[in-house]
S.K.: 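Take this structure first; my questions come after.
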Amino acid sequence: MKRLALLTLSPFFLFTFLALMPFASASAQKHNIVFTAPIRTDRGSVQMGFRMKEDSPFVATGYEEYSHPAIPATTEGEIFVPDSVVASDGQHRRICWVSRGSFQGCKMLTKVHLPHTISTISDLAFQGCDSLREVTLSDSLRIIYPQAFWGCFALRRINLRCPYPPLTYHEGTFEGHSLNTATIVVPFGSVDSYRNDKTFSSFRYHAEHIPTFPKRQP
Amino acid sequence: MNRPDDSFSDFETGTFEQLQRSFTDIQLINQTHTHQLYRAKRFGRWYLLKALQPEHRDSAVHQQMLLKEMEILMRLQHPGIVGCLGIERLRLPSSEEEAECIVMEYIDGINLKEWLASSPHRTSREGAEIVSQLLSALAYLHATGITHRDLKPSNVMLTRNGNFVKIIDFSLADTDTHTILKHPSGTAQYMSPEQKTASTPDVRNDIYSLGVIMKELPLADFWHRITEHCLLPIDQRYASIEELQDDIDRCKRRADRRRWMIPLAVLVLVLLAGAASIYKLDADKRAMYLQLNRIPIAKEQGLKLLEKKINATGLNHHTDTLTAWRYLDHRINEKILDANAFCYDYVEEQLTDFNDTEREEILMTLLDRWQAWHDTIVHRVKPLIP
């Protein structure tokens, strides 16, 4: 009896498997949609690579392979990552992820401004940017993965907008040298939060961004 | 009552009855064609007695001259002018009759003519001292309205006890108040050109005579111009002793400055040469010092510049006097971060000869100072922010 049931149902299973296989491959291909879009620099613009899920409203900077930075490695000066970008399908999508190795090895970058939409900075995102002096992180930043800023020997200033320190992995988020000489700029009244953080407490110098009286609107 | 014991005294004192009140030891010491000069002692002190020559003693003119001289001398009281005690009728050795004598102080010394002749190696300092005393006496003389009119080296005495100057022989002196015996007079060589014709006394006559005397005195080079100025025609000559004195002072100051400039310049050159040689010798030591102290020196320099930068922001005063949040400088964050950036720029741009470790050390010193300043600013501002 059991043998009869198995013999009767197996074509059904076979048919189902064969029928779904195209869909499965189709889904794997949709996860790896990549495209490029121009972003502003202080010297004009540069093409930056983004990746996204087809049905996702969010994109991440960078490509799948972390050894390949999102922008040309010879990019110089200051870059301004926008908060959203027009994807290949013509839809606006928010940029909320700096993926692994997005700016890895960009030795000529001096300043990077990340939008307020970025919540995650992946590991090795800025690894080896040894001319990077200043980075502005968003107020939505929640996590920085290990060695994100490893090798950034020239780092002078880290502008932190979030009133609470983002989650970090204590092992080498920032280059050891930077901890002695870089200055973190934190929101007013959040110094104590950062001083109690295991990563950010290692920074020797800090500045509080003092709020000024709102200017009267004309 | 105890009397003072004078048994150990060297002086023999007599009584008032034994006191010799008249002149004694009268000796003729000099004479001219009109006058006789005697030295005489009274009360233990020598005096000079000036009398007319016997042939002129009956002459009313000469008597008036003697009287005029006495009156003029009695008006004068100055250490540079011979003192006069009055006129007395005395019996002189040269004649049996008594004669009127001007009694003056006896000057123990030699006149300027003898002084110049006694030694050719007189210094300009001595000459200048004589001129200075003459000027003092003449200034006094002219202030009393008297001109000497016969100023010459033989009428200038130098005392033995310190070469103090005393002007003598006022027989030709004149004043505005005397209306008699006004005629051109003087010694030709020392007489001003106008004095040969004019009878009106003028202080510039004495200035001319003084100029002639100065030509004979040993004086420094800068006196040459002053002397020549004394000998100019009357309307170009110094108008008064005060004017002459002012010019002398001006020239002295200029000469003093010049006198010190040369040795000072030499000294400076010597010092510079010495410093240069020491510098050269110690160049290695200096280099070693600089090398050993390069980090502290760089730190000190950086801190000085940082302080300047901080002061330039004006935030210290601004926050110290801040009363409300609304008045807070809108550029406060920019200024604070500019000063922060300065620390990095200084190290990167000025300390290219230092290695990374050294630069990090210096940078941290500057950032420590910046941090302290930042904390002060925030501490002042925080209470005002809601």
Side-chain angles (χ1 to χ4, degrees), chain A residues 42 78 107-108 110-111 113 129-137 139 151-161 163 174-195 200-218, chain B residues 299 302 306 310 313 315 318-319 322-349 351 354-386:
Chain A
D42 62 336
E78 194 171 352
K107 294 185 181 298
M108 312 287 275
T110 56
K111 291 187 186 178
H113 297 268
C129 295
D130 48 13
S131 298
L132 187 64
R133 289 183 173 190
E134 185 175 337
V135 61
T136 302
L137 304 179
D139 49 0
C152 297
F153 297 103
L155 204 56
R156 290 182 177 189
R157 189 185 299 169
I158 303 166
N159 297 306
L160 293 150
R161 300 283 170 81
F174 296 94
E175 167 65 44
H177 159 77
S178 302
L179 298 173
N180 280 338
T181 56
T183 305
I184 55 170
V185 183
V186 300
F188 191 71
S190 63
V191 172
D192 291 337
S193 302
Y194 281 88
R195 284 275 167 253
F200 290 97
S201 62
S202 301
F203 282 97
R204 195 179 165 97
Y205 305 106
H206 73 272
E208 281 187 79
H209 185 89
I210 301 170
T212 54
F213 195 78
K215 283 186 181 173
R216 194 179 294 174
Q217 296 296 326
Chain B
K299 283 182 185 175
L306 178 61
I310 286 171
T313 63
L315 287 180
H318 171 68
T319 54
L322 195 64
T323 54
W325 182 35
R326 72 176 67 214
Y327 303 124
L328 185 62
D329 186 350
H330 280 91
R331 294 183 56 217
I332 188 169
N333 294 300
E334 181 187 331
K335 289 178 179 176
I336 290 173
L337 293 177
D338 272 351
N340 174 269
F342 167 81
C343 301
Y344 297 97
D345 290 339
Y346 168 77
V347 169
E348 185 176 315
E349 292 164 11
L351 307 182
F354 293 73
N355 61 36
D356 289 343
T357 308
E358 292 167 338
R359 282 157 68 169
E360 182 175 324
E361 183 187 336
I362 297 164
L363 176 60
M364 287 171 68
T365 301
L366 299 182
L367 286 173
D368 284 341
R369 172 67 190 104
W370 170 87
Q371 185 71 68
W373 173 64
H374 162 273
D375 292 347
T376 303
I377 300 293
V378 170
H379 179 73
R380 287 175 185 169
V381 169
K382 201 170 253 189
L384 300 172
I385 297 174

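To find a chain, count down the sequence lines: A is the first, B the second, and so on, and within it residues start at 1.
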S.K.: Can a donor-acceptor pair be found, under 3.5 Å and without considering hydrogens, that links the side chain of B:Tyr344 to the backbone of A:Ala154?
M.R.: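 No, the answer is negative, given that no donor and acceptor are paired below the 3.5 Å cut-off.
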S.K.: Below 4.5 Å from any heavy atom of chain A, which atoms of B:His330 appear? Answer side chain, backbone, both or neither.
M.R.: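 B:His330 touches chain A through backbone and side-chain heavy atoms alike.
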S.K.: Answer with side chain, backbone, both or neither: which region of A:Val191 has an atom nearer than 4.5 Å to a non-hydrogen atom of chain B?
M.R.: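 When you check distances to chain B, no heavy atom of A:Val191 falls under 4.5 Å.
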S.K.: Less than 4.5 Å to any heavy atom of chain B: does that hold for the side chain of A:Phe188, its backbone, both, or neither?
M.R.: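 The side chain, not the backbone.
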S.K.: Is there side-chain contact between A:Arg157 and B:Leu337, with at least one heavy-atom pair below 4.5 Å?
M.R.: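 Side chain of A:Arg157 against side chain of B:Leu337, heavy atoms only: contact under 4.5 Å found.
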S.K.: Can you establish whether the number of heavy atoms outside A:Arg161 located under 6.0 Å from its atom CZ is more than 12?
M.R.: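 Incorrect, the count does not exceed 12.
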S.K.: For B:Ala341, which atoms come within 4.5 Å of any heavy atom of chain A: side chain, backbone, both, or neither?
M.R.: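 Its backbone and side chain both get close to chain A.
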S.K.: For residues B:Trp325 and A:Pro214, report the shortest heavy-atom separation together with the two atoms involved.
M.R.: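 Result for this residue pair: CH2-CD, 4.1 Å.
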S.K.: Show the nearest heavy-atom pair for residues B:Glu348 and A:Arg156, with the distance to one decimal.
M.R.: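 Minimum heavy-atom separation between B:Glu348 and A:Arg156: OE1-NH2, 2.8 Å.
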S.K.: Would you indicate whether A:Phe213, at its atom CZ, is surrounded by more than 12 heavy atoms from other residues, nucleotides or ligands within a distance under 6.0 Å?
M.R.: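 More than 12 within 6.0 Å, yes.
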S.K.: Taking A:His209, A:His206, A:Glu134 one by one, which has the highest count of heavy-atom pairs under 4.5 Å against chain B?
M.R.: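 Looking at each of A:His209, A:His206, A:Glu134 in turn, A:His206 comes out on top.
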S.K.: I need the residue from B:Ile377, B:Asn340, B:Asp356 with the largest number of non-hydrogen atom pairs under 4.5 Å to chain A.
M.R.: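 Heavy-atom pairs under 4.5 Å are most numerous for B:Asn340.
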S.K.: Using atom types as modelled and distance alone, determine if a side-chain donor or acceptor of B:Asn333 lies under 3.5 Å from a backbone N or O of A:Ile210.
M.R.: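 Yes, the answer is positive, given that a donor and an acceptor are paired below the 3.5 Å cut-off.
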S.K.: Test B:Leu367 against A:Arg204 for side chain to side chain contact (heavy atoms under 4.5 Å, CB included), laying out the working first.
M.R.: CA-CA 9 Å; B:Leu367 286 173; A:Arg204 195 179 165 97; over 6 Å; no
S.K.: Checking B:Ile336 against chain A: side chain, backbone, both or neither under 4.5 Å from a heavy atom?
M.R.: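 Only the side chain of B:Ile336 comes within 4.5 Å of chain A.
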S.K.: Drop me the distance from A:Asn180's CG to B:Met364's CE, to the nearest 0.5 angstrom.
M.R.: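 Here the interatomic distance stands at 4.5 Å.
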